A.B. asks: 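Right, I'll just put the structure down here and ask away after.
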Amino acid sequence: MTDALATTDTLFFADLDRAAAERLTAEAARGAEDGELFLEHRESEAISLEDGRIRSASFDATRGFGLRAVAGEAAGYAHAAEISEAALARAAETVKAVASGGSGTLDLAPRATNARLYSDLNPLSAMDFAAKTALLAEVDAYARAKDSRVKQVMASITGEWQAVQILRADGRRVADLRPLVRMNVSVVVEANGRRETGSFGAGGRFAYDRVLNEASWKAAVDEALRQALVNLDAIAAPAGEMEVVLGPGWPGILLHEAIGHGLEGDFNRKKTSAFAGLLGQRIAAPGVTVVDDGTLPDRRGSLTVDDEGTPSGRTVLIEDGILVGFLQDRQNARLMGVAPTGNGRRQSHAHIPMPRMTNTVMLGGAHEPGEIIAGVKRGLYAVNFGGGQVDITSGKFVFSASEAYLIEDGKLGAPVKGATLIGNGPDALTKVAMVGNDMGLDPGIGTCGKQGQGVPVGVGQPTLKMTGLTIGGTAV
């Protein structure tokens, strides 16, 4: 395994003297409670095919630093795309002004870790461009040969390798090498003048071979085609209040958006979350346990260390329905008098860290999925979700189901389209009536947005039965 510190030393300290970097970081944080220098090198690529032709191909390499000093609720931050002593000196002059309001006592540095949660090899160099484009052409040909109703095929490959080193104000250093790959397939089918789409994606922190081997990419095409064909037969979704069964895995995105953001430390410290002030109280039905786990090997949302240098952790947020914790970066943890949880994340060196989710999961329960569906007289079984909107303060959410079925007398009925789930996070948690024993994780496609920053995340849950949700439908 590669020595991450040695690798990042080579990347960052060719044009920047390490002793100077340590001195300037310490000077910038003098008088403050916390601070760090975040050094980043990132290589990324994206190739997309549409209708048998490469539509776009890109490669990008970026590098830079972000320098921060934290004093109370204030933070001074400066960043540059140039890693040099002169640029760092200018940043230090800007940042250290915030320290005048600090206590002058530096927070303890994060504990060291030797754990590695994923490969440190650069996935972009393991497969050449010609091989990637040829594979996308195979995807197109395979999809069209599977079914004569296929009219359009879109496929894409994206990958990146991020090398970071975090140099803290007390001189301690930590580094991480982070691979990230993803493949997506979308298929459009047509029959009797009606067109429908299905899509599937998969990825994680590993090399391309995990998603680009023949068995994997064919399975992705098969799943996208299956969804498209299901939608061809879908009828208009009914509207009204009814029981809803959520499938395992990716439907956990509803949990992530409707509940997860409200459990981030900054929103609770500022009392703008619907969950503010409810620590230790019941906010969910018995049997509901939710964790944020950044230590799952190879998962898209996992991190060996977060972007402040804190080892990633497994944080229990809700235990058997009781709110027991929040997600914390270093600043909000200090202000709330608790320990950081390894959830300080940033999109890049040009962004300040904040509390963010990693892999947010509801743990499994005791019920068989078939038993859950059999107990529904009339309802909706939602398997996949598309877009959604959430208001953090009120907790209100609206989510669009991209694959859903009617449930009638305990049996799955016709597929429906145009179904939206309407509710609010805190209330929805209390309506969980049954928790399945089939907890699953999403295939590795999640990206979470917050205050203009996007970071890769994971979600997961078992089959869930929820009572009394409002369904927005298109049936007349």
Side-chain angles (χ1 to χ4, degrees), residues 2 4 7-16 37-50 53-67 77-84 87-88 91 118-137 139 154-166 175-186 201-212 300-304 307 345-353 356 444-457:
T2 305
T7 299
T8 53
D9 279 352
T10 301
L11 284 170
F12 300 128
F13 297 126
D15 301 316
L16 172 64
L37 173 65
F38 180 85
L39 297 159
E40 178 192 34
H41 172 93
R42 188 193 301 256
E43 299 174 14
S44 59
E45 68 177 5
I47 308 169
S48 65
L49 172 143
E50 185 172 337
R53 296 182 179 182
I54 296 299
R55 182 179 61 180
S56 65
S58 64
F59 176 84
D60 191 28
T62 59
R63 54 194 278 112
F65 71 82
L67 180 65
Y77 195 70
H79 61 88
E82 170 194 345
I83 299 179
S84 68
L88 185 56
Y118 32 79
S119 167
D120 45 28
L121 299 178
N122 186 341
L124 277 62
S125 60
M127 186 178 184
D128 64 29
F129 178 79
K132 293 167 188 170
T133 56
L135 186 142
L136 290 175
V139 168
M154 293 155 282
S156 64
I157 297 170
T158 59
E160 72 173 46
W161 184 71
Q162 183 193 33
V164 303
Q165 185 173 136
I166 298 129
D176 198 14
L177 304 174
R178 303 168 177 169
L180 189 66
V181 302
R182 176 173 167 175
M183 181 187 185
N184 278 81
V185 180
S186 181
R205 295 198 181 277
F206 37 67
Y208 275 129
D209 60 355
R210 292 271 288 272
V211 290
L212 300 186
R300 182 173 170 85
S302 294
L303 293 168
T304 299
D307 293 325
R345 305 189 64 188
R346 63 182 102 200
Q347 179 174 309
S348 74
H349 66 272
H351 299 83
I352 200 162
R356 304 294 299 272
I445 58 174
T447 297
C448 172
K450 177 180 176 180
Q451 297 179 22
Q453 294 192 41
V455 295
V457 295

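For clarity, every value in this text was computed on a predicted model and none was experimentally measured. Basis for what follows: all heavy atoms, side chains included, without hydrogens, waters or symmetry-related copies.
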A.B. asks: Would you confirm whether Arg205, through its side chain, and Ser302, through its main-chain N or O, come within 3.5 Å as a donor-acceptor pair?
C.D. replies: yes
A.B. asks: Determine whether Ile157 and Met127 make a side-chain contact, defined as any pair of heavy atoms from C-beta on separated by less than 4.5 Å.
C.D. replies: no
A.B. asks: Taking all atoms of both residues into account, what is the closest heavy-atom pair of Leu136 and Ala155, and its distance?
C.D. replies: CD2-CB, 3.7 Å
A.B. asks: Can you tell me how far apart OG (Ser156) and CZ (Arg55) are? Round to the nearest 0.5 Å.
C.D. replies: 8.0 Å
A.B. asks: Of the non-hydrogen atoms in Leu177 and Ala163, which two are nearest, and what is the gap between them?
C.D. replies: CD2-CB, 3.6 Å
A.B. asks: Do Asn184 and Met154 come within less than 4.5 Å of each other through their side chains, counting heavy atoms only?
C.D. replies: no
A.B. asks: Using a 4.5 Å cut-off on heavy atoms from C-beta on, say whether the side chain of Leu49 contacts that of Val139.
C.D. replies: no
A.B. asks: Distance-only, no hydrogens or angles: does the Arg182 side chain make a donor-acceptor pair with backbone N or O of Gly444 under 3.5 Å?
C.D. replies: no
A.B. asks: Hey, does the side chain of Tyr208 reach the backbone of Lys132 with a donor-acceptor pair shorter than 3.5 angstrom?
C.D. replies: no
A.B. asks: A side-chain contact here means heavy atoms from C-beta on lying under 4.5 Å apart; do Phe59 and Glu43 qualify?
C.D. replies: yes
A.B. asks: Between Arg210 and Val181, does a side chain to side chain contact (heavy atoms under 4.5 Å, CB included) hold up when you go through it step by step?
C.D. replies: CA-CA 9 Å; Arg210 292 271 288 272; Val181 302; 6.0 Å; no
A.B. asks: For Ala131 and Asp128, work out which heavy atoms get closest and say how close.
C.D. replies: N-OD1, 2.8 Å
A.B. asks: What is the minimum heavy-atom distance between Ala78 and Ala91, and which atoms define it?
C.D. replies: CB-CB, 3.7 Å
A.B. asks: Which distance, rounded to the nearest 0.5 Å, do you find between the OG1 of Thr10 and the NE2 of His41?
C.D. replies: 11.5 Å
A.B. asks: Between CG of Leu124 and OG of Ser44, what distance do you get to the nearest 0.5 Å?
C.D. replies: 7.5 Å
A.B. asks: With a 3.5 Å distance limit and no angle check, can you tell me whether Tyr77 reaches the backbone of His351 through a side-chain donor-acceptor pair?
C.D. replies: yes
A.B. asks: Is any side-chain heavy atom of Asp176 less than 4.5 Å from a side-chain heavy atom of Thr8?
C.D. replies: no
A.B. asks: Got a second to check how far Arg53's CZ is from Thr133's OG1, nearest 0.5 Å?
C.D. replies: 15.0 Å
A.B. asks: Are the side chain of Arg63 and the backbone of Leu11 linked by a donor-acceptor contact shorter than 3.5 Å?
C.D. replies: yes
A.B. asks: So, taking the atom named CG in Leu37 and the one named CG in Leu16, what distance separates them when rounded to the nearest 0.5 Å?
C.D. replies: 7.5 Å
A.B. asks: Can a donor-acceptor pair be found, under 3.5 Å and without considering hydrogens, that links the side chain of Glu40 to the backbone of Gly64?
C.D. replies: no
A.B. asks: Flag the pair Val164 / His349 as yes when at least one side-chain heavy-atom distance between them is below 4.5 Å, and no otherwise.
C.D. replies: no
A.B. asks: Write down the atom of Gln162, the atom of Phe38, and the distance for their closest heavy-atom approach.
C.D. replies: NE2-CZ, 4.4 Å
A.B. asks: What pair of heavy atoms forms the shortest contact from Cys448 to Val457, and how long is it?
C.D. replies: CB-CG1, 3.6 Å
A.B. asks: Main chain of Ile352, side chain of Gln453: is a donor-acceptor contact present, judged purely on distance under 3.5 Å?
C.D. replies: yes
A.B. asks: Looking at Arg356, Arg345, Arg178, which one forms a salt bridge (charged side-chain N to carboxylate O under 4.0 Å, His left out) with Asp307?
C.D. replies: Arg178
A.B. asks: Nearest 0.5 Å, what's the CD-CG distance between Glu45 and Asp60?
C.D. replies: 11.5 Å
A.B. asks: Quick one: does Leu180's side chain get under 4.5 Å of Arg300's, heavy atoms only?
C.D. replies: yes
